[in-house]
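Just below is one structure, and these are the notes that go with it.
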Amino acid sequence: MEFKNWAILAGVSALAACASGGRDRPNDPIRALLSADAMLFVGFDRDGDLSTSAAEVDSGIEREFVRADANRDGTLQPLEFQNWSNIALGGGQIGPYRLDFDRNVDNAITREEFDTEIHARVRDYDTDENGALARADFVRRVGQTREPREPRVRPPTR
Ligand SMILES: [Ca+2]
Ligand SMILES: [Ca+2]
Ligand SMILES: [Ca+2]
């Protein structure tokens, strides 16, 4: 579940290869991976310290939910999500997708569902688990996933 949304733009590695001026050696690792949620989380860094803190995540969630909820009814209908995805996630072709958020599949994304999905994604990126997302947390090789974590007990509310 956690890794199903890794979206890889093959074009990114092609761009990276171009940017290196053709100096790529055959065994060079592929260095670039881009996903739309990473763009979102970089944009959450309001104080410009190149790290997205837990507080910035929370305020970013608030801001984006308000932005998306065009009719201000407290939930995101499919069209609202689509419009938001188009501007915030670069078109929505690489996820996260509406049904990633709408866990109970009732065609409405509540604020709680929005929070839950965003926080799960933050945890996935937060390699050192310090609650903040540094730029390095967003950089992985294509196909690379995190090491499996030790199982741990989650609060019963999650
Ligand atoms: Ca910051
Ligand atoms: Ca709405
Ligand atoms: Ca729902």
Side-chain angles (χ1 to χ4, degrees), residues 1-9 12-13 15-16 19 30-142 144-147 149 151-158:
M1 184 71 181
E2 286 219 308
F3 301 117
K4 74 182 166 62
N5 296 306
W6 278 102
I8 295 159
L9 286 181
V12 171
S13 52
L15 285 173
I30 298 169
R31 290 186 293 272
L33 181 152
L34 182 65
S35 64
D37 51 4
M39 285 196 295
L40 191 65
F41 298 151
V42 167
F44 283 0
D45 173 26
R46 299 302 273 182
D47 65 3
D49 69 349
L50 305 181
S51 172
T52 301
S53 67
E56 285 173 326
V57 168
D58 288 339
S59 61
I61 288 172
E62 169 72 24
R63 190 172 65 249
E64 293 307 319
F65 193 86
V66 168
R67 190 201 308 278
D69 184 16
N71 69 356
R72 302 283 182 265
D73 71 347
T75 61
L76 306 183
Q77 282 70 48
L79 186 61
E80 288 176 325
F81 181 84
Q82 185 59 51
N83 289 338
W84 174 74
S85 176
N86 284 343
I87 55 173
L89 302 177
Q93 296 178 60
I94 59 173
Y97 304 103
R98 188 172 59 82
L99 289 177
D100 294 329
F101 292 88
D102 186 12
R103 297 292 176 95
N104 66 352
V105 201
D106 67 349
N107 280 338
I109 298 167
T110 63
R111 174 63 198 270
E112 184 183 1
E113 286 176 320
F114 197 76
D115 272 40
T116 299
E117 181 63 20
I118 298 278
H119 279 126
R121 286 165 179 274
V122 167
R123 281 196 300 274
D124 180 40
Y125 279 113
D126 184 13
T127 319
D128 60 7
E129 300 186 39
N130 70 348
L133 299 177
R135 292 289 165 93
D137 287 329
F138 299 120
V139 177
R140 294 178 211 173
R141 293 180 187 177
V142 170
Q144 181 181 8
T145 57
R146 288 182 57 168
E147 298 290 322
R149 280 186 238 169
R152 60 182 177 189
V153 178
R154 299 232 162 154
T157 52
R158 293 223 74 91

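Note that ligands are numbered from 1 as they come in the structure, with each ligand's atoms numbered from 1 the same way.
For R111 and D69, the salt-bridge test fails: no basic side-chain N is under 4.0 Å from an acidic carboxylate O. A salt bridge is absent between R123 and E129; no separation between the charged side-chain nitrogens and carboxylate oxygens falls under 4.0 Å.
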For this session: Evaluate side-chain contact (heavy atoms from CB on, under 4.5 Å) for R121 paired with D100, printing each intermediate quantity in order.
Result: CA-CA 10 Å; R121 286 165 179 274; D100 294 329; 3.2 Å; yes
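For the atom pair CD (E113) and CG (D106), the distance works out to 6.0 Å, reported to the nearest 0.5 Å. Residue L89 holds its CG atom at 9.5 Å from CD of Q82, rounded to the nearest 0.5 Å. Considering CG of D49 and CG of D45, their distance stands at 5.0 Å, rounded to 0.5 Å.
Computed with the Ca ion (ligand 3) at the centre, the E113 OE1 to N104 OD1 angle is 130°, stated to 10 degrees.
Judged purely by atom type and a 3.5 angstrom limit, E56 uses its side chain to pair as donor or acceptor with the backbone of D47.
For a distance threshold of 3.0 Å, the protein N, O or S atoms nearer than that to the Ca ion (ligand 1), listed by chain and number, are D45 OD1, D47 OD1, D49 OD1, S51 O, E56 OE1, E56 OE2.
Among residues two or more places apart in sequence or in another chain, the ring pair (Phe, Tyr, Trp, His ring centres under 6.0 Å) test is passed with F65 by F114. Residues satisfying the salt bridge (Lys or Arg N to Asp or Glu O under 4.0 Å) test with R135, not counting sequence neighbours, are none.
Of all protein atoms, those of element N, O or S that lie under 3.0 Å from the Ca ion (ligand 2) number 7.
Between the side chains of H119 and D58, at least one donor N or O lies within less than 3.5 Å of an accepting N or O.
Take the N/O/S atoms of D102: the one nearest the Ca ion (ligand 3) is OD1. In terms of distance to the Ca ion (ligand 3), the nearest N, O or S atom of D106 is named OD1.
For R46, the CZ atom sits in a loose shell: 12 or fewer heavy atoms of surrounding residues, nucleotides or ligands are nearer than 6.0 Å.
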